[in-house]
Amino acid sequence: MDNVFDILSERGYIDQVTFEDELRELLGKESVTFYIGFDATADSLTLGHFLQIMVMMHMQKAGHRPIALLGGGTTMIGDPSERNDMRKIMTKEMIDYNASQFKKQLSRFLNFEEDKALMINNRDWLQNLNFLDFMRETGVHFSVNQMLSLDSYKNRLDQGLTFFEFSYLLMQSYDFLRLYRDHNCKLQLGGSDQWSNILGGYDLIRKVENDKVYAMTFNLLTTAAGTKMGKTQSGTIWLDSEKTSPYELYQYMRNVDDNDVEKFLSLLTFLPMNKVKELGRLEGSEINKAKEVLAYEVTRLIHGEEEAEKSQQAAKSLFTGDQDEGSIPFTQMDKSQFKEGLWIIDLLRKADLIKSNGEGRRLIQQGGIRIDDVKVKDFRDIITLEDFTDGKLLLRKGKKIYHQIKI
RNA sequence: GGAGGAGUACCCAAGUGGCUAAAGGGGACGGACUGUAAAUCCGUUAGCUAAGCUUUCACUGGUUCAAAUCCAGUCUCCUCCA
C-alpha cells in the first residue's frame with residue numbers, strides 16, 4: 001500500500017516536517033491520530049481551509065484518524081500571526097455560531113462514524129482553566145526570550161502586542177498536549193504560518209510527557225502571482241453555497257492562471273497524478289480543457305455532482321452563445337416592480353452587482369453592462385416588463401459576471 | 001509615572017491656510033487585445049437622477065471670508081526612560 005506521506009509529498013502539500021523519516025515510517029505502519037485546528041473567525045470555511053480538509057481526507061483514506069479541533073476557546077484570543085487588523089475581539093455567541101457552521105461543513109468531507117474522525121472544541125478545556133495551575137504546569141515551559149525571536153511576534157513588536165495575544169501560543173500548545181493525553185494524538189498539521197505555533201506544542205509534550213510527537217505544515221494556497229488564493233474582488237471564496245454559489249466557485253476555478261492549473265489539480269482534486277500531469281502539459285488554448293476539469297472537480301467535491309454539472313452547463317452555454325441559464329445566480333423579483341418601469345441602476349443594485357449608484361453609472365458609461373447581451377448605453381434607462389422574455393432577463397457585468405432576474 | 005512621535009480614502013503614502021474630493025504607488029473595477037488565461041495599453045476608483053450639490057483627512061469644540069493644514073481638549077497607537 002502507498003504510504004500517505006509519499007502521496008502528500010508527491011502532490012505538493014508538504015512544507016516543513018519534523019523528523020521526516022520517522023514520521024513517514026510511523027504513518028506507514030500504524031493508524032495515527034492527528035489534528036488540525038480551525039479558528040472560528042467567520043461563519044463559513046473558505047477555500048483556504050479546503051486545502052487542509054483535502055489533507056485530512058487523504059489521511060483518513062489511508063486509515064489515520066483526524067481530529068478537527070474547533071477553536072472555540074483560542075478564537076477568543078485571536079492568533080497574533082494573522083494580519084494585525086484581526087485584533088477585534090469576538091463575542092462568545094458569534095464564535096459558537098461559527099463553530100457550529102464549521103461542524104456542519106466538515107461533516108460533509110470527513111467520515112465521523114464510529115470515531116473514525118473526531119470533532120472537538122477547545123473551549124471544553126480552555127474555558128475553565130485555572131490560571132495558576134495552568135501557569136505552573138504549562139507557563140513554566142515557555143521561554144519569553146525564545147518566543148520573542150519568532151517571526152510571528154517579531155513583526156508585531158513595533159505595532160504593539162498585548163500579553164493577551166502573546167499567550168496564544170501557550171493555548172495552542174496546550175491544545176496539543178490535551179489531545180495527546182486524551183486521544184493519543186501524535187501529529188499536528190497546519191498551514192505553514194502555523195509552524196511555530198505547532199512546534200510550541202511539540203516542545204511542550206516533549207518536556208511534560210517525555211514523548212516525541214510530530215509536526216507537519218503545508219504550503220499555503222497561493223496563486224502564481226504570489227497572492228493568497230481564494231480572495232476575489234467580491235471577497236473570499238466560501239464553502240457555504242449561500243455565501244459563494246457553486247457557479248461562482250466554478251467560475252473562480254475556471255479562471256485561474258495557466259501556471260496554477262497543475263498545482264491546483266494536484267492539491268484540490270483527487271485525480272491521479274499521471275492524469276494531473278497530463279492535463280498540466282496542455283498548452284495554449286488547449287489548457288482550457290484542464291481548467292474545465294479543475295473547475296468541475298473542485299465544485300463536485302465541495303457541492304456535489306449535481307451542482308457541478310449545473311455550473312458546467314451554465315458556463316458552457318453562456319460562453320458559447322446559446323442561452324441556457326442553468327445555475328447562474330439569480331434574483332427573484334416581483335412583477336409589479338416593473339409595471340411602472342424600474343431604473344436600470346436600481347435593478348443592478350437589487351441584483352447586488354454594484355455597491356453605489358455612482359458605480360453603476362460609471363460601469364454603464366464605460367460599456368460594462370449588458371442586458372441580454374445588448375450593451376446598455378444610457379444610465380437613465382428604465383427597465384419594463386417588455387425587456388423580459390419568458391419572465392427572465394440576463395444581466396452581464398464586465399466580461400464574465402452574469403446574473404439573472406426572474407419575475 | 002516621565003519625555004518624544006504618529007493617526008489621511010480598500011492598503012501603503014504625499015500634502016502643513018484657499019488652485020484639494022485630496023499627488024504617487026499597490027490593489028480593485030471597466031474597455032481594447034486574447035483562450036472566460038497571462039502580459040501590455042487606455043480609462044475609472046466618496047455619495048447623490050450628477051456640468052451642480054452633499055459628506056470626508058482619529059474624535060469634539062474653536063480661530064478664520066476660507067482648515068486635512070492653525071489653536072484647545074479627548075481617544076488610540078508607537079518609541080525611549082521608570
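In what follows, chains carry the letters A, B, and so on, assigned in the order in which the sequence lines appear, proteins first and then strands, with residues in each chain numbered from 1.
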Select base, sugar-phosphate, or nothing to describe what Ile287(A) touches, counting heavy atoms under 4.0 Å on all strands. base
Within the structure shown, what part of the strands sits under 4.0 Å from Glu286(A) by heavy-atom distance: base, sugar-phosphate, or nothing? nothing
Distance, C1' atom - from G47(B) to A37(B), rounded to whole angstrom: 36 Å
How far, in whole Å, is C81(B) from C70(B) if one measures between their P atoms? 30 Å
Of all heavy-atom pairs between [X] and [Y], which one has the smallest distance, and what is that distance?
{"X": "Val276(A)", "Y": "Arg11(A)", "result": "CG2-NH2, 4.1 Å"}
{"X": "His403(A)", "Y": "Phe330(A)", "result": "NE2-C, 3.5 Å"}
{"X": "Glu307(A)", "Y": "Pro246(A)", "result": "OE1-CG, 3.6 Å"}

Under-3.5 Å N/O pairs linking protein and nucleotides 46-49 of chain B:
unit_1 : atom_1 : unit_2    : atom_2 : d
G47(B) : OP1    : Ser356(A) : OG     : 2.8
C48(B) : OP1    : Arg349(A) : NH1    : 3.2
C48(B) : OP1    : Asn357(A) : N      : 2.9
C48(B) : OP2    : Asn357(A) : N      : 3.4
C48(B) : OP2    : Gly358(A) : N      : 2.8
U49(B) : OP2    : Asn357(A) : ND2    : 3.0
U49(B) : O4'    : Arg361(A) : NH2    : 3.3

Any carboxylate oxygen within less than 4.0 angstrom of a Lys/Arg side-chain nitrogen, looking at Lys392(A) and Asp372(A)? no
Before accepting this row, confirm whether a basic side-chain N of the pair Arg123(A)/Asp96(A) lies closer than 4.0 Å to the acidic partner's carboxylate O. yes
Heavy-atom neighbours of Lys289(A) NZ exceed 12 at 6.0 Å: no
Out of U36(B), C29(B), A38(B), which has the shortest distance to the side chain of Lys400(A)? U36(B)
Measuring from the side chain of Lys399(A) (C-beta onward, heavy atoms only), which nucleotide among G35(B), C29(B), U34(B) has the closest atom? U34(B)
Going by modelled atom types, is there a donor-acceptor pair between the base of G31(B) and the side chain of Gln366(A) at under 3.5 Å? no
